[in-house]
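One structure below.
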There are 2 protein chains.
Amino acid sequence: MGVERMDPGDRRRQILARARTLFRERPYSEVSTTEIAAAAGVSRALLNHYFGTKRDLYLAAVTEMLAVPPVPVPEYVPGASVRERACQSIEGWLELLERNRETWLAAVGADGMGRDPELEEVVDAARDRVVDHIVQVVGLGPYAREHPEVRALLRGFGGMAEAASREWLVRGRLTRRQVHVFLEETLLRVLADILPRVIEDDHEMAPSPGLPWPSHT
Amino acid sequence: MGVERMDPGDRRRQILARARTLFRERPYSEVSTTEIAAAAGVSRALLNHYFGTKRDLYLAAVTEMLAVPPVPVPEYVPGASVRERACQSIEGWLELLERNRETWLAAVGADGMGRDPELEEVVDAARDRVVDHIVQVVGLGPYAREHPEVRALLRGFGGMAEAASREWLVRGRLTRRQVHVFLEETLLRVLADILPRVIEDDHEMAPSPGLPWPSHT
DNA sequence: CACGTTATTGGCGGCCCGCCAATAGCCGTT
DNA sequence: AACGGCTATTGGCGGGCCGCCAATAACGTG
């Protein structure tokens, strides 16, 4: 038997493409090399031939997922203000996410390993507890009950806290003091200025999701 | 053979403890139930008896890791200002991280699945590309070269962007517009007010890492 | 000292993965 | 047109890990 021969480069690309779609749908451990091989119409051993191990194949897949998306809109607008440039860039980022929704979720979810709903739930609960804590500490109770988005925004802040902490503990690019100042200042600005603006902004417009430049008016 | 019998509750706890330490050191797929069982001095089948599957055991372990840490300092100080309370709470969070460093890294790293250095590197690179993009867009080039911390802070902002985006795409608790406003406002405040403060704060003090209340002076 | 209860285990069956020797398509040469 | 040689491709072996179930052996109780 054996499929027709193929140019190694093409073959490699073809396998990688199949692997990518599968890894996008289900987590690493749930996808077997057998399955990938079958989907590509190829023997399992060929995967090992082109990419060494299963993990290597996975790495190649994730790398490709992340290679396309980021920074696709590096359009530099010299005459514009910082705010305008930031606004446009953020809009580009959101646009990108909306388009490559699945890919992005798989890739960053892959930060760990990709879509394990149960595990996700556990970590999620822990993060929600942090949010609860913040709400209590800063005395946002009533406001948070009235506007559920408050909790979501605080989860955003939590994401920043985690990332900054990693910069301190793992990569050593920030000192503990710097992390502290950073988080404290940001939290206060978010609470005092940004949070109300996000909420009010939502309420003063129709829920049509298309309007491009919401803020710098 | 067979070890001496033990109270089911105790046995369960004992196994879980061993599993926790192992899962803290190495990623999920690198730890075998055989190994856990051996470490606990127990047959492999007993793991399946107490916890159903390997993943269930893992979930239990992570749950316990995350159960202890969060919100251990819910001390509510009524008389204090919001800033003081926030400051103290953040200090508590950092203190906690510093103590349970390993646990925390394993648990949140476990967001995916825990410590896969190669994969981590791939995602890391992608995030750095986002930081590059931001630096370019807002024209921070020279400043960023002078102060490497700038990039670290922007990674923090990146964490917020990812978290907020998840609130929008996955949990649906924010609209796209809200995410936009949130990110734009925060980024601008960070750039204009917070970033300089973090940097200058670092330079005006000795690098002694112990001083507790850096900011609200 | 039986005797039931149940914590504990040995071992089977199945799946998955990495590797290597063997196979079979394609191409240039004569 | 036949023939090698090169290499893409594969079958299958060996090892590991996991879930399950029937069998076993501690322990409490009459």
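What you see below is based on every heavy atom in this structure, not just the backbone, and it leaves out hydrogens, waters and symmetry mates. A note on names: the letters A, B, ... follow the listed sequences, proteins ahead of strands, and every chain is numbered from 1.
- Of the side-chain N and O atoms in B:Tyr50, none sit less than 4.0 angstrom from OP1 or OP2 of C:dA7.
- When each of D:dA8, D:dC18, D:dT10 is scored by its nearest atom to the side-chain atoms of B:Ser32, the top-ranked nucleotide is D:dC18.
- Side-chain contact between B:Val198 and A:Val179 is absent, with no heavy atoms from C-beta onward closer than 4.5 Å.
- In this structure, A:Gln14 places its CD atom 13 Å from C1' of D:dT9, rounding to the nearest Å.
- Distance alone, capped at 3.5 Å, places no donor-acceptor pair between the A:Lys54 side chain and the A:Asn48 backbone.
- Taking side-chain N and O atoms only, B:Arg11 has a distance below 4.0 Å to OP1 or OP2 of C:dT8.
- Computed from coordinates, the B:Arg55 CZ to D:dC17 P distance equals 17 Å when rounded to whole Å.
- Remark: P of D:dG15 and CD of B:Glu35 are 20 Å apart, rounded to the nearest angstrom.
- Taking atom CG of A:Asp7 as the reference point, atom C1' of D:dT9 lies 14 Å away to the nearest angstrom.
- At a cut-off of 3.5 angstrom, counting only N and O atoms as typed in the model, there is no donor on one side facing an acceptor on the other between the side-chain of A:Arg44 and the base of D:dG11.
- Here C:dA7 is the nucleotide among D:dT10, C:dA7, C:dT9 with the atom lying nearest to any side-chain atom of B:Pro8.
- Rounding to whole angstrom units, CG of residue A:Asp56 and C1' of C:dG18 are separated by 12 Å.
- Distance CD (A:Glu30) to P (C:dC15): 15 Å, rounded to an integer number of Å.
- Ion pairing of B:Asp132 with B:Arg151 is present here, as a side-chain N (NZ or NE/NH1/NH2) and a carboxylate O approach within less than 4.0 Å.
- Phosphate proximity of C:dC17 to A:Thr33: present, with a side-chain N or O under 4.0 Å from OP1 or OP2.
- The NE2-C1' distance, from B:His49 to D:dA22, rounds to 14 Å in whole Å.
- Among C:dC16, D:dG19, C:dT8, the nucleotide with an atom closest to any side-chain atom of A:Thr34 is C:dC16.
- Comparing D:dG11, D:dT9, C:dT8 by their closest approach to the side chain of A:Ala45 singles out D:dG11.
- Not one N or O on the side chain of B:Glu184 forms a donor-acceptor pair closer than 3.5 Å with the backbone of A:Ala86.
- Using modelled atom types, one finds no donor on one side chain facing an acceptor on the other under 3.5 Å when comparing B:Gln88 with B:Arg85.
- Between B:Asn48 and D:dC20 there is no side-chain polar atom (N or O) within less than 4.0 angstrom of OP1 or OP2.
- Rounded to an integer number of Å, the gap from B:Leu46 CG to C:dT8 P is 5 Å.
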